[in-house]
2 protein chains.
Amino acid sequence: MSTPRPGAKVRGSESGSPINALFDLLGRRWTLGILWYLGEEAPRTFRNLQERCGGVSPSILNSRLKELRDADIVGRTVDGYVLTERGKELRSFIVPLAKWSARWSQEVYGYERPGMRQRLDQE
Amino acid sequence: MSTPRPGAKVRGSESGSPINALFDLLGRRWTLGILWYLGEEAPRTFRNLQERCGGVSPSILNSRLKELRDADIVGRTVDGYVLTERGKELRSFIVPLAKWSARWSQEVYGYERPGMRQRLDQE
DNA sequence: GTAGCATGCTACTATTTTCGTAGCATTTGA
DNA sequence: TCAAATGCTACGAAAATAGTAGCATGCTAC
């Protein structure tokens with residue numbers, strides 16, 4: 001799949017406006033998860049990332065990483081994959097979703113993450 | 001495609017943790033765009049939404065809307081589709097992406113939305 | 001120096017999603 | 001009662017993703 005690019009035609013959008021290009025990018029499977037897990041301490045290596053993303057197939061992981069590198073959201077160092085400064089900023093918008101999703105689960109589906117009852121009340 | 005549900009097995013994740021369920025939901029094509037455009041004044045009707053989303057096929061749009069209604073993110077009124085309170089809250093996390101994507105386009109791809117030069121400097 | 005192991009990734013087929021188009025049933029307004 | 005708009009379903013074609021196998025490279029230990 002081609003990397004979405006603002007100004008160029010994006011999947012399903014003639015205009016290729018920045019927000020649509022971004023939605024195209026983020027709306028691909030595993031992209032959000034990669035951003036999420038890359039922001040944590042440990043992962044970074046291909047295999048580790050793959051594991052955290054629930055065993056995503058390496059071909060897809062590789063595609064996503066390539067797209068994210070093209071977009072200057074992910075970079076590489078000797079230690080493996082990392083978020084760029086821009087990528088960290090993007091991730092910061094995603095972080096609050098964790099809390100939202102916890103409430104959502106609880107209120108809509110009655111699901112509670114084991115041992116999370118108190119923590120949710122507090123924060 | 002089945003609606004992802006926290007606590008149940010989600011695409012690619014055994015745990016079905018809330019954040020993974022959410023990523024599964026948002027990582028489907030058009031979901032982010034639907035949230036985005038539903039938050040604006042005008043759309044609401046099926047056809048209007050379809051148009052704004054670049055002519056997405058009605059079968060997909062219908063699937064996405066069903067998923068989002070299952071998730072209590074989208075609701076229906078006599079006027080058509082609307083965001084629920086929960087959905088509005090979710091959308092609020094997505095709104096800042098517009099500004100981020102404008103800079104991203106400019107800095108990474110040299111793309112500028114016509115007539116946006118000044119506005120970007122200001123905000 | 002070679003045997004084992006981890007890592008990053010490519011290849012390939014199978015399955016699932018999405019696209020694109022056609023069109024039907026219902027409502028609205030003239 | 002006719003035309004137009006709306007919400008949606010059906011269905012074959014195309015594209016994306018999954019799943020598995022395995023290869024090349026770089027360690028590390030013996």
Side-chain angles (χ1 to χ4, degrees), chain A residues 1-5 8-16 20-21 23-35 37-38 42-71 74-82, chain B residues 1-5 8-16 20-21 23-35 37-38 42-71 74-82:
Chain A
M1 191 161 39
S2 71
T3 304
R5 189 183 181 295
K9 197 160 76 174
V10 173
R11 285 193 309 177
S13 166
E14 297 293 324
S15 68
N20 279 324
F23 285 166
D24 187 355
L25 191 62
L26 296 182
R28 294 173 185 200
R29 207 167 158 186
W30 299 116
T31 304
L32 287 168
I34 290 170
L35 273 183
Y37 290 118
L38 259 190
R44 314 220 159 159
T45 76
F46 190 91
R47 298 243 176 176
N48 187 321
L49 205 50
Q50 187 185 9
E51 205 177 328
R52 289 191 174 247
C53 287
V56 50
S57 81
S59 42
I60 296 299
L61 179 56
N62 196 34
S63 303
R64 288 300 99 87
L65 285 171
K66 202 170 295 178
E67 289 157 16
L68 289 170
R69 287 213 281 156
D70 284 350
V74 163
R76 287 193 80 170
T77 68
V78 282
D79 294 332
Y81 294 99
V82 289
Chain B
M1 194 160 39
S2 71
T3 305
R5 190 184 179 294
K9 198 162 74 175
V10 173
R11 284 195 310 179
S13 165
E14 296 293 324
S15 68
N20 280 323
F23 285 166
D24 186 356
L25 191 61
L26 296 182
R28 294 173 185 200
R29 209 170 154 182
W30 299 116
T31 304
L32 287 167
I34 289 169
L35 274 183
Y37 290 118
L38 258 191
R44 316 225 157 157
T45 75
F46 190 92
R47 297 242 174 180
N48 188 320
L49 205 51
Q50 186 184 9
E51 204 177 329
R52 287 191 174 248
C53 288
V56 49
S57 82
S59 42
I60 297 299
L61 179 56
N62 197 35
S63 302
R64 289 301 98 89
L65 286 170
K66 202 170 295 179
E67 290 157 14
L68 290 169
R69 288 213 283 156
D70 283 350
V74 164
R76 288 192 80 172
T77 69
V78 283
D79 294 330
Y81 294 98
V82 289

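Just so we're on the same page: letters track the sequence lines, and every chain starts at 1.
- Between B:Ser63 and C:dT18, a side-chain N or O to OP1/OP2 separation shorter than 4.0 Å is absent.
- Closest-nucleotide positions on DNA chain D for A:Glu67 and B:Arg76 were compared, and the one nearer the 5' end corresponds to B:Arg76.
- Mapping B:Arg47 and B:Ile60 onto DNA chain C by nearest heavy atom places B:Ile60 closer to the 5' end of the strand.
- The partner of D:dC30, taking Watson-Crick or G-U wobble pairs whose two distances both stay under 3.5 Å, is C:dG1.
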Contact string for nucleotides 9-15 of chain D, one letter per nucleotide 5' to 3', B = base within protein heavy-atom range under 4.0 Å, S = sugar-phosphate only, - = neither, reads BBB----
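- C:dT17 atom P lies 18 Å from atom CG of B:Leu61, rounded to whole Å.
- With sequence neighbours excluded, the residues satisfying side-chain hydrogen bond (donor to acceptor under 3.5 Å, both in side chains) with A:Asp70 are A:Thr3.
- Straight-line distance from the CZ atom of B:Arg44 to the C1' atom of D:dT6: 17 Å, rounded to whole Å.
- For the atom pair B:Asp24 CG and B:Thr31 OG1, the distance stands at 9.5 Å (nearest 0.5 Å).
- Rounded to an integer number of Å, the gap from A:Gln50 CD to D:dA21 P is 14 Å.
- Rounded to a whole Å, the OH atom of B:Tyr81 is 14 Å from the P atom of D:dT6.
- To the nearest 0.5 Å, the span separating CG on A:Leu32 from CG on A:Leu25 amounts to 9.0 Å.
- Rounding to the nearest 0.5 angstrom, the gap separating the CG atom in B:Leu68 from the CH2 atom in B:Trp30 is 14.0 Å.
- Expressed to the nearest 0.5 Å, how far CZ of B:Arg44 lies from OH of B:Tyr81 amounts to 13.5 Å.
- Rounding to the nearest 0.5 Å gives a distance of 7.5 Å between CZ of B:Arg52 and OH of B:Tyr37.
- The interatomic distance linking B:Arg28 (CZ) with C:dT16 (P) rounds to 14 Å, in whole Å.
- Per the geometry, CD belonging to B:Glu51 stands 16 Å off P belonging to C:dG20, to the nearest Å.
- The nucleotide whose nearest atom lies closest to any side-chain atom of B:Trp30 is, among D:dT17, C:dT18, C:dC19, C:dC19.
- Between the CG atom of A:Asn48 and the C1' atom of C:dC9 there is a distance of 16 Å, given to the nearest Å.
- Whole-Å rounding puts the B:Leu65 CG to D:dG7 C1' distance at 11 Å.
- OP1 or OP2 of C:dC19 lies within a sub-4.0 Å distance of a side-chain N or O belonging to B:Arg29.
- Taking CD from B:Gln50 and CD1 from B:Ile60, the interatomic distance works out to 11.5 Å, rounded to the nearest 0.5 Å.
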